[in-house]
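Worksheet for the structure shown next.
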Amino acid sequence: YRSGWELLLMKYLDDDQDTTLWSYESIVIEYVSNAKTGRKRKYYPDFYVELKSGEKQLIEVKPTRKLAQRIVQKKLSAANDWCSDNHVTLKIITEQELKQLGLLK
């Protein structure tokens with residue numbers, strides 16, 4: 001894990017009875033980082049999760065204040081496209097969601 005928030009979510013996923021499988025930074029998504037040059041980079045979303053219901057999720061953990069950053073927007077746009085192509089739900093987990101789950105005060 002790269003942040004305390006990611007560690008909190010890992011522990012939550014381990015204990016969640018609806019989660020059948022999760023992995024950390026296991027999906028690789030290419031995105032264009034520079035439109036002028038066409039330079040591509042690799043993005044590793046934080047979590048891939050499968051639920052008992054059959055739903056598959058790609059989860060990115062980010063503070064709300066970082067969501068407007070250009071690089072984050074490029075990555076999330078690429079993740080959204082990947083999710084659409086692979087029948088996966090994209091979820092952004094911020095401090096608000098962590099509080100709702102009881103993981104942050």
Side-chain angles (χ1 to χ4, degrees):
Y1 58 92
R2 297 177 193 268
S3 75
W5 289 5
E6 291 175 354
L7 178 59
L8 289 172
L9 191 58
M10 287 175 175
K11 291 177 180 179
Y12 174 83
L13 293 171
D14 277 343
D15 293 338
D16 181 35
Q17 294 188 3
D18 290 328
T19 300
T20 58
L21 176 137
W22 69 267
S23 59
Y24 180 71
E25 293 188 351
S26 61
I27 303 293
V28 181
I29 300 172
E30 279 196 351
Y31 69 99
V32 176
S33 65
N34 185 318
K36 287 183 183 179
T37 65
R39 179 169 184 190
K40 292 185 178 180
R41 292 186 181 263
K42 293 181 180 174
Y43 162 51
Y44 299 84
D46 294 326
F47 297 93
Y48 173 78
V49 177
E50 292 184 4
L51 303 175
K52 281 183 181 177
S53 66
E55 181 182 359
K56 298 174 183 177
Q57 301 175 340
L58 203 60
I59 298 176
E60 182 64 27
V61 179
K62 277 280 182 261
T64 300
R65 63 182 168 77
K66 291 190 175 188
L67 292 178
Q69 293 176 347
R70 185 178 304 157
I71 188 68
V72 173
Q73 287 297 308
K74 288 179 183 181
K75 290 176 179 180
L76 292 178
S77 177
N80 193 51
D81 292 344
W82 184 92
C83 285
S84 291
D85 292 344
N86 291 280
H87 309 289
V88 175
T89 302
L90 177 61
K91 289 186 72 174
I92 312 301
I93 302 288
T94 67
E95 61 275 11
Q96 295 295 351
E97 287 77 16
L98 291 172
K99 287 176 184 176
Q100 289 172 356
L101 292 171
L103 303 177
L104 275 184
K105 294 181 182 180

TODO: Determine, using the 4.5 Å side-chain heavy-atom cutoff (strictly less than), whether Val49 and Trp5 are members of one ILVMFWY cluster.
DONE: yes
- [ ] Sort out for me which residue in Thr20, Asp14, Asp18 forms a side chain to side chain contact (heavy atoms under 4.5 Å, CB included) with Asp16.
- [x] Asp18
Task: Tyr48 side chain reached by Leu21 side chain, heavy atoms, under 4.5 Å - done: yes
- [ ] Quick one: pull up NZ in Lys91 and CG in Asp46 and give me the separation to the nearest 0.5 Å.
- [x] 13.5 Å
Open item on the list: If we ignore hydrogens and angles and just use 3.5 Å, is the side chain of Glu55 paired with the main-chain N or O of Leu51 as donor and acceptor?
Closed with: no
- [ ] Could you tell me the separation between the CZ atom of Phe47 and the CD atom of Glu6, rounded to the nearest 0.5 Å?
- [x] 5.5 Å
Open item on the list: Starting from Val72, can I reach Tyr31 by hopping between I/L/V/M/F/W/Y residues whose side chains sit under 4.5 Å apart?
Closed with: yes
Task: Same apolar cluster (I L V M F W Y, side chains within < 4.5 Å links), Ile71/Val32 - done: no
Open item on the list: Taking Ile29 as the starting point, is it possible to reach Trp22 by hopping between hydrophobic residues whose side chains are less than 4.5 Å apart?
Closed with: no
Task: Gap separating the OG1 atom of Thr19 from the CD atom of Glu50, nearest 0.5 angstrom - done: 10.5 Å
- [ ] Would you check if Tyr44 and Val28 make a side-chain contact, meaning some heavy-atom pair closer than 4.5 Å?
- [x] yes
- [ ] Find out whether Tyr1 and Lys11 are in side-chain contact, i.e. whether some heavy atom of one side chain is under 4.5 Å from a heavy atom of the other.
- [x] no
Open item on the list: Tell me whether Glu60 is salt-bridged to Lys75, with the criterion being a basic N under 4.0 Å from an acidic carboxylate O.
Closed with: no
Open item on the list: With a 3.5 Å distance limit and no angle check, can you tell me whether Ser84 reaches the backbone of Asn80 through a side-chain donor-acceptor pair?
Closed with: yes
Task: Considering all heavy atoms, the nearest Ala78-Glu30 contact - done: CB-O, 4.1 Å
TODO: Find the distance between CG (Leu90) and CG (Asp81) and round it off to the nearest 0.5 Å.
DONE: 10.5 Å
Task: Heavy atoms of other groups near Lys56 NZ, more than 12 under 6.0 Å - done: no
Open item on the list: If hydrophobic clusters are built from ILVMFWY residues whose side chains come within less than 4.5 Å, do Leu9 and Ile92 share one?
Closed with: no
TODO: Work out which heavy atom in Lys74 is nearest to a heavy atom in Asn34; give both atom names and the distance.
DONE: NZ-N, 4.4 Å
Open item on the list: Let me confirm one number: the OG1-NZ distance from Thr64 to Lys66, rounded to the nearest 0.5 Å.
Closed with: 12.0 Å
- [ ] Output the distance between atom OG1 (Thr94) and atom NZ (Lys99), rounded to the nearest 0.5 Å.
- [x] 9.0 Å
